[in-house]
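Everything below concerns the one structure shown next.
Values below: all heavy atoms of this structure, side chains included; hydrogens, waters and symmetry mates excluded. Owing to the predicted nature of the structure, the values given are computational and were not obtained by experimental measurement.
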Amino acid sequence: SRSRQALSEPEGRRLLAAHGLDTGPWQLARDPEEAARASAELGAPVAMKVVSPQVVHKSDAGGVELGVDGPDAAREAYAAIAERVGGSQPGAEIEGVLVAPMAPRGVELMVGATVDATFGPIVTLGAGGIGVEVLEDVAFRAVPVTGLESHEMIDELKIAPMLDGFRGSPVIDRERIVEVLLGVSRLLEHEPRVLELDLNPVIAHGGGLALVDVRVVVAEAEDDHDHPRHRDEEGATGIT
């Protein structure tokens, strides 16, 4: 079987954006000064996450800082992340730190994709965050997913009532969730190399959706062994 390769989060976000999915504002900072600038441009407070091929579990490695408020704090957070990751995983190559606005509170969802041996690519929607393991509240459909099927998937969830202003919380615009499901379906149709996709959590809030974490695993191209993987900006949108 073909070997698997996890894209970095910036690569994953660019791939989603190339297929019309809005992953929200974010920047890749390659040093503390860039982190300070990104924080100023994005507005405070921000979340910062290490980008490194060797670091899979970012928070376990000390590679995450949340609620970073202002350029000075971002500068310090970058240095702290680099130091902690270097200590917990010596030799890890740090490509930079992803800086994104902190997501508002809301309903945590998970949107995912897997490739089933029988049905081919499948899109999943479920309760997100830690709810994934606890609630096992998931709906799935085979690609291509229609708008109607997307609405059905939302209705099937046990947590669906939480989207409708449950106990005074904001009413969530379900069309925004449908857009993401259709976008993921489109991506799977056009990118046969995508083996796995995990958007968790996707926070549904009064103003829309926030894609907090993006994980994409692809099959290596047959000729990748001859060409070391290039991380240049040009090839970053698609996985050719």
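The backbone N or O of Leu7 lies less than 3.5 Å from no partner atom in the side chain of Glu11, so there is not a single donor-acceptor pair. Without hydrogens or angle criteria, Gln54 side chain to Gln89 main chain gives no donor-acceptor distance under 3.5 Å. Checked by atom type and distance alone, the side chain of Ser52 pairs as donor or acceptor with a backbone atom of Glu93 at under 3.5 Å. With Asp198 contributing its side chain and Arg215 its backbone, the two residues share no donor-acceptor pair below 3.5 Å. When atom types are taken as modelled, the side chain of Arg13 and the backbone of Leu211 share a donor-acceptor pair closer than 3.5 angstrom. At distances below 3.5 Å, at least one donor-acceptor pair connects side-chain atoms of Asn200 with backbone N or O atoms of Gly129.
Note: Glu9 CD to Lys49 NZ = 3.5 Å, rounded to the nearest 0.5 Å. Here the straight-line distance linking atom CD1 of Ile122 with atom CG of Leu188 works out to 10.0 Å at 0.5 Å rounding. Taken to the nearest 0.5 Å, the CD1 atom of Ile172 stands 10.0 Å off from the CZ atom of Arg174. Summarising the geometry, atom CG belonging to Leu182 is positioned 14.5 Å from atom NE2 belonging to His19; distances are rounded to the nearest 0.5 Å. Residue Glu76 holds its CD atom at 12.0 Å from CD of Glu83, rounded to the nearest 0.5 Å. In this structure, the separation between CZ on Arg193 and CD on Glu220 is 8.0 Å, given to the nearest 0.5 Å.
The side chain to side chain donor-acceptor pair (under 3.5 Å) check on Glu189 picks up nothing, with sequence neighbours excluded.
Here the closest heavy-atom approach between residue Asp164 and residue Val171 is recorded as C-CG2, 4.0 Å. Between Ala61 and Ser88, the shortest heavy-atom distance links the atoms O-OG, 3.0 Å. Considering every non-hydrogen atom in both Ala100 and Pro25, the closest pair reads CB-O, 3.9 Å. Nearest heavy atom pair, residue Leu66 against residue Val64, reads CD2-CG1, 3.8 Å. Taking both residues in full, the closest heavy atoms of Ser39 and Ala74 are given as CB-CB, 3.6 Å, listed atom of the first, atom of the second, then distance.
Hydrophobic clustering keeps Val180 apart from Val212 (ILVMFWY residues linked when any side-chain heavy atoms are closer than 4.5 Å, directly or through intermediates). Placement of Ile203 and Leu157 in two distinct hydrophobic clusters is found when ILVMFWY residues are connected by side-chain heavy-atom separations under 4.5 Å, directly or transitively. Met102 and Leu98 are assigned to two separate hydrophobic clusters, defined by single-linkage of ILVMFWY side chains at heavy-atom distances under 4.5 Å. Both Leu209 and Ile159 belong to a single network of hydrophobic side chains, linked directly or stepwise wherever heavy atoms of I, L, V, M, F, W or Y lie under 4.5 Å apart. Leu197 and Val143 fall within a single hydrophobic cluster, where Ile, Leu, Val, Met, Phe, Trp and Tyr side chains are chained together by heavy-atom contacts under 4.5 Å.
For the salt bridge (charged side-chain N to carboxylate O under 4.0 Å, His left out) criterion with Glu65, the lone passing option out of Arg84, Lys58, Arg75 is Arg84. For the side-chain contact (heavy atoms from CB on, under 4.5 Å) with Leu16, the qualifying choice from Leu21, Val184, Asp22 is Leu21, the only one to do so.
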I'd like a table of donor-acceptor pairs (distance under 3.5 Å, sequence neighbours excluded) in which one partner is a side-chain atom from residues 109-121, with atom names and distances.
residue : atom : partner : partner atom : Å
Asp116  : OD2  : Thr118  : N            : 2.7
Asp116  : OD2  : Phe119  : N            : 2.8

Could you check Glu191 against Arg186 for side chain to side chain contact (heavy atoms under 4.5 Å, CB included), going step by step and ending with a plain yes or no? CA-CA 9 Å; Glu191 302 278 6; Arg186 213 167 39 235; over 6 Å; no
Going through the checks in order, is the side chain to side chain contact (heavy atoms under 4.5 Å, CB included) test met by Val123 and Arg141? CA-CA 6 Å; Val123 177; Arg141 293 289 186 282; 5.6 Å; no
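Taking 4.5 Å as the limit, some side-chain heavy atom of Leu28 sits within range of a side-chain heavy atom of Arg30.
A 6.0 Å sphere centred on CD of Glu152 holds more than 12 heavy atoms belonging to other residues, nucleotides or ligands.
Annotation for Val99: hydrophobic cluster partners, listed by chain and number, are Leu42, Val46, Met48, Val50, Val55, Val68, Tyr78, Ile81, Val85, Ile94, Val97 (ILVMFWY side-chain heavy atoms under 4.5 Å, direct or chained).
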